[in-house]
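Submitted below is the structure of interest, expressed as structure tokens.
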Amino acid sequence: MIRKKNRYLIAIFMAFAALFTGCSTSVKQTVPLNTDPESILSVIYDLEGIKSAGSVNTEPLTEISEIEENISIRYQYVFLVKDAVNQNNQAVPDRLYVVSAVENTRKDREISIQYIDGSINGEIVKNNPRHLPITVNLCTDDSKSPCGADDSKTYQANAVVFSLDQFPAFRSHGNVVDISVKYALGKNKKELREQFLSDSGLQDTGKAVVSLRLPDTFVK
């Protein structure tokens, strides 16, 4: 009984600790160019419990939301995962994944992602999409890896997950996906945390919005 109570207390403490950090403060990183989409998909499959998919359509993205000098959100790929099954061979609803990463090379500035929202063809669904933070491994096979000894082996990214069974507006052509990222800026993590806990809240906030027009060939 005591062990059970201890587990509950630890869970509660971790929940409060996560809350007090304010939100997801992005790491200082340079987002790599031309990341292998399979490296991103493998992480998504693991986190989502996807065993296999009937088909995956992939479209590279080039959109960039400039936040400040040397701070930006860089969109990398959109994936359409159809006819997937989980580890128990149960069907998984078709999903659209929009993947981006925050680039921050400033020593005197931090950016914290508050929330990510989105719509498909103007359709807004409550609690959909959801935000899935991912860590992408760039060097999965050391024998063939292009990474040097001093190169970063991983980077942090964000997947915005649309469950398409809840988006009847998604169609076979002419799809436009809007992504809205609310963020906060500060001198350091301590300042962001103190502002988050204060009565006045976060001071330097903003919203970055992009519209992604998917090619008609993407869904087919």
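Quick caveat: nothing in here was measured; it's all calculated off a predicted structure.
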Hey, does the side chain of K153 reach the backbone of L138 with a donor-acceptor pair shorter than 3.5 angstrom?
->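 No, K153 side chain to L138 backbone: no donor-acceptor pair under 3.5 Å.
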Report yes or no: do L61 and F218 belong to one cluster of Ile/Leu/Val/Met/Phe/Trp/Tyr joined by side chain heavy-atom distances under 4.5 Å?
->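 L61 and F218: one cluster.
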S163 side chain vs Q166 backbone, donor-acceptor pair below 3.5 Å |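 It does not hold such a pair.
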Shortest non-hydrogen contact between A169 and N175, atoms and distance =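 In terms of heavy atoms, the two residues are closest at O-OD1, 4.1 Å.
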To the nearest 0.5 Å, tell me how far L185 CG sits from S112 OG.
->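 Here the interatomic distance stands at 9.0 Å.
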Could you walk me through whether V43 and N137 pass the side-chain contact (heavy atoms from CB on, under 4.5 Å) test, one step at a time?
-> CA-CA 8 Å; V43 179; N137 185 0; 5.6 Å; no
Between CD1 on residue I71 and OG1 on residue T105, distance to nearest 0.5 Å |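 Output value for this atom pair is 8.0 Å.
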Can any side-chain N or O of N88 pair as donor or acceptor with the backbone N or O of Q90 at less than 3.5 Å?
->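 No, the answer is negative, given that no donor and acceptor are paired below the 3.5 Å cut-off.
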Do the side chain of E110 and the main chain of K187 share a donor and acceptor less than 3.5 angstrom apart?
->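 Such a contact is absent between E110 side chain and K187 backbone.
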Tell me, with the steps shown, if L202 and Q114 meet side-chain contact (heavy atoms from CB on, under 4.5 Å).
-> CA-CA 10 Å; L202 295 162; Q114 302 299 293; 3.1 Å; yes
Got a second to check how far T30's OG1 is from N104's CG, nearest 0.5 Å?
->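 Spacing of OG1 (T30) from CG (N104) equals 9.0 Å.
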Rounded distance (nearest 0.5 Å) linking atom CD of Q195 with atom NZ of K190 |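 So the gap between those two atoms works out to 11.0 Å.
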Is E103 salt-bridged to R74, going by a charged N under 4.0 Å from an acidic O?
->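 Salt bridge between E103 and R74, a charged N being under 4.0 Å from a carboxylate O: yes.
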Quick one: pull up OG in S119 and CG in D178 and give me the separation to the nearest 0.5 Å.
->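 Result: 4.0 Å between the selected atoms.
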Which distance, rounded to the nearest 0.5 Å, do you find between the OH of Y45 and the OH of Y97?
->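 Spacing of OH (Y45) from OH (Y97) equals 8.0 Å.
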Treat each ILVMFWY residue as a node, draw an edge where side-chain heavy atoms are under 4.5 Å apart, and state whether V125 and F162 are in one component.
->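 In one cluster: yes.
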State, to 0.1 Å, how close V136 and A157 come at their nearest heavy-atom pair, and which atoms those are.
->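 Between these two residues, the closest heavy atoms are CG2-CB, 4.2 Å.
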Electrostatic pair R109-D204, nearest N-O below 4.0 angstrom =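 Yes, this pair counts.
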Hey, quick one: are Y115 and Y183 part of the same hydrophobic cluster, counting side-chain heavy atoms closer than 4.5 Å, chains of contacts allowed?
->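 Y115 does not cluster with Y183.
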F170, V210: one ILVMFWY side-chain cluster at the under-4.5 Å cut-off?
->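 Yes; tracing contacts between hydrophobic side chains, which count when under 4.5 Å, links both residues.
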Main-chain N/O of T35 paired with Y77 side-chain donor or acceptor, under 3.5 Å =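 Yes, because the side chain of Y77 sits within donor-acceptor range (under 3.5 Å) of the backbone of T35.
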Is the side chain of N121 donor-acceptor paired with the backbone N or O of V176 at a distance under 3.5 Å, no angle test?
->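 Yes; judged by distance alone, with no hydrogens or angles, the pair exists.
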Determine which pairs satisfy salt bridge (charged side-chain N to carboxylate O under 4.0 Å, His left out) with at least one residue from residues 77-97, sequence neighbours left out, and list them in order.
->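 Pairs touching residues 77-97 that pass the test: E48-R95.
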With a cut-off of 6.0 Å (strictly less than), are more than 12 heavy atoms of other residues, nucleotides or ligands near CG of D199?
->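 12 or below, so no.
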Counting heavy atoms not belonging to K28, are there more than 12 under 6.0 Å from its NZ?
->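 Counting other residues, nucleotides and ligands, NZ of K28 exceeds 12 neighbours.
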When you measure from the side chain of Q29 to the backbone N and O of Q156, does any donor-acceptor pair fall under 3.5 Å?
->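 Flag set: sc Q29 to bb Q156 pair under 3.5 Å.
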Answer yes or no: are there more than 12 heavy-atom neighbours, outside Q87 itself, under 6.0 Å from its atom CD?
->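 It does: Q87 CD has more than 12 such atoms within range.
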Considering the options V78, I73, I116, which one meets the side chain to side chain contact (heavy atoms under 4.5 Å, CB included) requirement together with I179?
->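 One option only clears the test, and that one is I116.
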Are the side chain of R171 and the backbone N or O of H173 linked by a donor-acceptor pair below 3.5 Å?
->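 Checked: pair present.
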Let me see the working for Y75 and V98 under side-chain contact (heavy atoms from CB on, under 4.5 Å), right down to the final yes or no.
-> CA-CA 8 Å; Y75 289 82; V98 179; 4.0 Å; yes
